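Chain letters run A, B, ... following the sequence lines, proteins first and then strands; every chain starts at 1. Quantities reported herein were computed from a predicted structural model and do not represent experimental measurements.
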Protein chains: 2
Amino acid sequence: MKSVLDQIRPDNDQANTCPIRDVLDRIGDQWSLLVLATLDPGVKRFSQLEREIGDISKQMLSKTLRRLEQDGFVAREVHAEVPPRVEYRLTALGRSFLEPMRGLIRWAEANQAAIVAARRRA
Amino acid sequence: MKSVLDQIRPDNDQANTCPIRDVLDRIGDQWSLLVLATLDPGVKRFSQLEREIGDISKQMLSKTLRRLEQDGFVAREVHAEVPPRVEYRLTALGRSFLEPMRGLIRWAEANQAAIVAARRRA
DNA sequence: GCGATCTGGTCTATGTTCGAGACCGACTAC
DNA sequence: GTAGTCGGTCTCGAACATAGACCAGATCGC
């Protein structure tokens with residue numbers, strides 16, 4: 001009778017690290033998912049990500065990329081040229097993460113109208 | 001050749017409201033998902049949610065619940081008694097949202113070890 | 001030479017958000 | 001009268017995000 005969602009609750013983590021809270025605290029911020037999605041088609045440079053995302057600040061892009069790299073979602077490759085060239089790409093882990101995300105995205109597309117309607121009613 | 005994930009990018013929204021960004025900005029915060037998950041088994045009262053989640057402040061619980069109610073994920077029912085009794089329950093929309101979430105949660109469970117390992121390596 | 005330009009960032013000042021915890025009304029139990 | 005219950009709200013300081021200036025180091029036009 002235990003729901004998968006039970007796993008999300010804090011009393012379920014022996015070592016003070018509930019997997020879902022851990023993962024979602026890093027992914028669920030304003031930008032991480034957006035960066036991952038933008039990186040989905042292939043390798044991109046810093047300024048390319050900046051342009052494509054549009055409304056992210058350099059600082060947040062930098063910070064987000066560094067954390068995603070730390071966590072093994074993206075790989076960073078520096079080319080020692082002038083001007084410098086830095087490339088970012090998804091790792092296998094990053095790509096595998098986007099799989100379940102697509103389900104959520106489909107849900108969002110299908111149900112946004114309902115949410116907007118509820119918002120208007122309220 | 002268009003990825004579903006393309007939908008996430010800002011240049012895809014005519015009316016400045018990309019469905020996925022819209023939905024995830026509200027759901028992807030620290031607490032919303034946690035509240036929804038806690039509400040999954042059934043009706044709960046305010047202080048019950050507070051106790052079960054544990055590390056949420058009253059303010060954030062209140063704010064999160066109000067936004068989830070606004071967006072049509074949860075329903076709020078006040079019983080005019082003393083002391084007051086307020087019950088929260090998932091709506092059909094809220095329940096349907098948890099479906100795709102389960103995929104993400106399974107991914108988190110399966111891959112957290114890899115993330116922790118990457119973090120240690122970095 | 002002299003400046004403008006390119007890149008991938010960092011630094012700083014300002015604004016927004018968050019958690020802790022005090023406080024509240026209305027009523028009950030002692 | 002004093003304390004406790006419940007579902008919140010208010011205030012305060014701390015943490016965090018944002019915009020935008022700034023940087024090095026090399027190359028380009030003139």
Side-chain angles (χ1 to χ4, degrees), chain A residues 9-10 16 18 21-22 24-36 38-39 42-71 73-90 122, chain B residues 9-10 16 18 21-22 24-36 38-39 42-71 73-90 122:
Chain A
R9 300 232 287 295
N16 204 26
C18 163
R21 294 187 71 166
D22 186 28
L24 287 178
D25 280 3
R26 310 201 162 233
I27 271 339
D29 68 357
Q30 184 80 201
W31 301 116
S32 296
L33 177 60
L34 213 47
V35 169
L36 290 178
T38 308
L39 238 30
V43 175
K44 296 266 168 74
R45 304 177 56 172
F46 187 90
S47 46
Q48 206 171 352
L49 289 167
E50 210 179 343
R51 269 192 307 278
E52 293 191 20
I53 296 179
D55 55 349
I56 190 172
S57 69
K58 283 159 172 263
Q59 193 177 54
M60 281 316 288
L61 179 55
S62 174
K63 213 183 274 189
T64 303
L65 282 169
R66 239 177 298 119
R67 211 181 45 193
L68 289 175
E69 190 196 357
Q70 267 249 338
D71 287 0
F73 287 84
V74 313
R76 181 179 190 268
E77 193 177 352
V78 186
H79 300 264
E81 308 167 356
V82 167
R85 185 159 56 93
V86 183
E87 292 180 335
Y88 295 91
R89 79 188 68 229
L90 291 183
Chain B
R9 299 233 287 295
N16 203 27
C18 163
R21 293 187 72 167
D22 185 28
L24 286 179
D25 279 4
R26 308 200 163 235
I27 267 343
D29 70 356
Q30 185 79 200
W31 300 116
S32 296
L33 176 60
L34 214 47
V35 170
L36 291 178
T38 308
L39 238 28
V43 177
K44 296 265 166 75
R45 305 176 56 170
F46 187 90
S47 47
Q48 204 172 353
L49 288 167
E50 209 181 342
R51 269 193 307 278
E52 292 191 22
I53 296 179
D55 54 351
I56 192 172
S57 69
K58 285 162 169 257
Q59 193 176 55
M60 283 315 289
L61 181 54
S62 173
K63 211 183 274 187
T64 304
L65 282 169
R66 240 177 297 121
R67 211 180 44 195
L68 289 175
E69 190 194 357
Q70 265 251 337
D71 287 1
F73 286 85
V74 312
R76 181 176 189 270
E77 195 178 350
V78 186
H79 301 262
E81 309 168 354
V82 167
R85 185 160 56 95
V86 182
E87 291 180 334
Y88 296 91
R89 78 187 69 227
L90 291 184

Side chain to side chain donor-acceptor pair (under 3.5 Å) with B:R76: which residues, sequence neighbours excluded? B:Y88
OP1 or OP2 of C:dC6 sitting under 4.0 Å from any side-chain N/O of A:S47? no
Gap between atom NZ of A:K63 and atom CG of A:L68 - 0.5 Å precision: 13.5 Å
Which residues pass the side chain to side chain donor-acceptor pair (under 3.5 Å) test with A:S62, sequence neighbours left out? A:R66
With a 4.0 Å limit, can you tell me whether A:R45 has a side-chain N or O closer than that to the phosphate oxygens OP1/OP2 of C:dG8? yes
Using chain B heavy atoms and a threshold of under 4.0 Å, write down where along DNA chain D the contacts begin and end, 5' to 3'. D:dT5 to D:dT11
For B:Q70, what residues pass the side-chain contact (heavy atoms from CB on, under 4.5 Å) criterion, not counting sequence neighbours? A:R119, A:A122
Close side-chain approach of B:Q30 and A:D25, heavy atoms under 4.5 Å: yes
Could you pull out all residues at least two apart from B:E50 that satisfy side-chain contact (heavy atoms from CB on, under 4.5 Å)? B:F46, B:S47, B:K58, B:L61
Could you state the atom-to-atom distance from CD of A:E77 to C1' of C:dG8 in whole Å? 15 Å
Once you round it to whole Å, what is the distance between C1' of C:dT10 and CG of A:L65? 15 Å
Using the side-chain contact (heavy atoms from CB on, under 4.5 Å) criterion, which residues pair with B:R45? Sequence neighbours excluded. B:Q48, B:R85, B:E87
Length of the line joining A:K44:NZ and C:dT7:C1', which is rounded to integer Å: 18 Å
How many Å lie between CD on A:Q48 and P on C:dG9, as a whole number? 14 Å
Separation of atom CZ in A:F46 from atom P in C:dC6, rounded to whole Å: 16 Å
Applying side-chain contact (heavy atoms from CB on, under 4.5 Å) to B:R67 and not counting sequence neighbours gives B:R26, B:D29, B:S32
Assign a letter to each nucleotide of nucleotides 14-30 of chain C from its 5' end: B, base within under 4.0 Å of a protein heavy atom; S, sugar-phosphate only; -, no contact. -----BB------B---
